Every structure is written in C-alpha cells, then in structure tokens.
Amino acid sequence: PGEMPEAVTADGLVRALQERLGPRGQGRLDVRVDDAGPPVVVPVQALTMVLANLVHNGLDALGSNTHTAVRLVVRGDPEAVSFLVEDDGIGMAPDVLARAGEPFFTTKGPNAGMGLGVFLARGVAESLGGALALESVQGRGTTVTLRVPRAPGRPRTAGGAP
C-alpha cells in the first residue's frame, strides 16, 4: 500500500529481482526474457517482492539439488507481461495444489515460512488487474505464472471477473 506505480521494463524488473534475491538466489536463477515489449506500469517494489517469494519457493522445492536452477521466463504481449517461475522440484499433489494460495497454508516445516507468499502474490496480481496461476505435477515440478497488465487495470474480484 502506498507505493506509486511506475513505468519499468522487464529487464529493469529482472535487475531489481536479482538485487533482492542476493547471492543465494542469483546463483540458482536462470532468466530468459522473450520479447517483453514496452514497459509496464506497476509498483516495482511490491512486484519484485512477489517474484522473489515465488523464486524462493522454487528454490525450496529443489531442496539440496544444487545442480538445478529455478527458471524465470518473461513474455510480453500487447496487453500484459507474464512472469513464469518454473522449477524441477518435487511438485505438488493435487490436494496441496488445490490449497496453494490459501492464507497460512504451507507444506514447509516450522520456522520455514508462514504460508503467505502465494497468497500475497495472488493479491498483488489481482490488485493490478492481473492473475496468478499454478500448475504442478508431483515428481516433476511447478510453474507459477504471474500476469500483469501493461497499465494499471481494474482489480479483479474473487473468481477472476473484472
């Protein structure tokens, strides 16, 4: 709350994300920007925080497998920019996937997270008129897609209707 949206390129958001991630995340994040197009108008710090949380979730899913990285793919179209955070971790069972994003729901152990990261990511996306989607296959990994409009949109209501 209170952060003014500003125009920023996808490359600018990626740089801000890498700074926020610090050494742990930077070394295990592969980034690909696919023709992201013109800037988006967003609250940069809020969006960067959300992306960092999603990347950290992917890193947690990889566990001790330090030979694998989380992938961030940035894609643009005339209306929006999508950020895909992909991992090759353990994936989620269907019942866990169904609950992902509920406030305070976590599969992490004590002191390893509060279960608010995906919930807050969805809230930020929807407040910008965008959306958050999760796809996961147990044993193969998870992809989280955060889509934000190029210009501030009307916030979405529950169920995704504008």
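Remember, it's a predicted structure, so these values are computed and weren't measured experimentally.
In the hydrophobic cluster analysis, where Ile, Leu, Val, Met, Phe, Trp and Tyr join through side-chain heavy atoms closer than 4.5 angstrom, Val96 is grouped together with Val144. Note: the hydrophobic cluster containing Val42 does not contain Met4 (ILVMFWY, side chain heavy atoms under 4.5 Å, direct or indirect links).
When the side-chain hydrogen bond (donor to acceptor under 3.5 Å, both in side chains) test is applied to Asp11, no partner is found at least two apart in sequence or on another chain. Residues passing the side-chain hydrogen bond (donor to acceptor under 3.5 Å, both in side chains) test with Asp30: none are found, sequence neighbours excluded.
Distance check: Ile90 CD1 to Arg140 CZ gives 15.0 Å after rounding to the nearest 0.5 Å. Note that CG of Leu120 and CZ of Arg122 are 11.5 Å apart. Values are rounded to the nearest 0.5 Å.
Here the closest non-hydrogen pair linking Gly91 and Thr142 is CA-OG1, 3.7 Å. Heavy-atom minimum distance, Gln18 versus Val31: NE2-CG2, 3.9 Å. Minimum interatomic distance between Ala69 and Leu62 (heavy atoms only, all atoms of both residues): C-CD1, 3.9 Å. In terms of heavy-atom proximity, Ser136 sits nearest to Gly141 at OG-O, 3.2 Å.
Within the structure, every pair that satisfies the side-chain hydrogen bond (donor to acceptor under 3.5 Å, both in side chains) test and touches residues 84-102, not counting sequence neighbours, is listed here: Arg71-Glu86, Arg71-Asp88, Arg99-Glu102. Annotation: salt bridge (Lys or Arg N to Asp or Glu O under 4.0 Å) contacts involving residues 56-66, sequence neighbours excluded, comprise Arg24-Asp60, Asp60-Lys108.
For the pair Thr145/Phe83, no side-chain contact is recorded, criterion being any heavy-atom separation below 4.5 Å from C-beta on. Under the 4.5 Å side-chain criterion, counting only non-hydrogen atoms from C-beta, Val124 is in contact with Leu128. Looking at Asn57 and Val118, their side chains come closer than 4.5 Å, going by heavy atoms from C-beta outward. With contacts defined as side-chain heavy-atom distances shorter than 4.5 Å, the pair Pro103/Leu116 qualifies. Pro5 is listed as a side-chain neighbour of Val41, based on a closest heavy-atom distance under 4.5 Å.
The hydrophobic cluster containing Val73 also includes Leu84, under a criterion of side-chain heavy atoms closer than 4.5 Å among ILVMFWY residues, counted directly or through chains of members.
For the side-chain contact (heavy atoms from CB on, under 4.5 Å) criterion with Leu54, the lone passing option out of Val70, Leu132, Leu17, Leu72 is Leu132. The side-chain contact (heavy atoms from CB on, under 4.5 Å) test with Leu29 singles out one residue from Val55, Val14, Leu59, Val85, and that residue is Val55.
At distances below 3.5 Å, not a single donor-acceptor pair connects side-chain atoms of Thr143 with backbone N or O atoms of Glu135.
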Side-chain donor-acceptor contacts of residues 43-52 below 3.5 Å, not counting sequence neighbours, with atom names and distances?
unit_1, atom_1, unit_2, atom_2, d
Gln45, OE1, Arg20, NH2, 3.4
Thr48, OG1, Val44, O, 2.7

### Query
Taking it one step at a time, do Val81 and Arg150 satisfy side-chain contact (heavy atoms from CB on, under 4.5 Å)?
CA-CA 7 Å; Val81 175; Arg150 292 205 178 274; 3.3 Å; yes
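Under 4.0 Å is where a charged nitrogen must lie from a carboxylate oxygen, and between Arg75 and Asp77 no such pair does.
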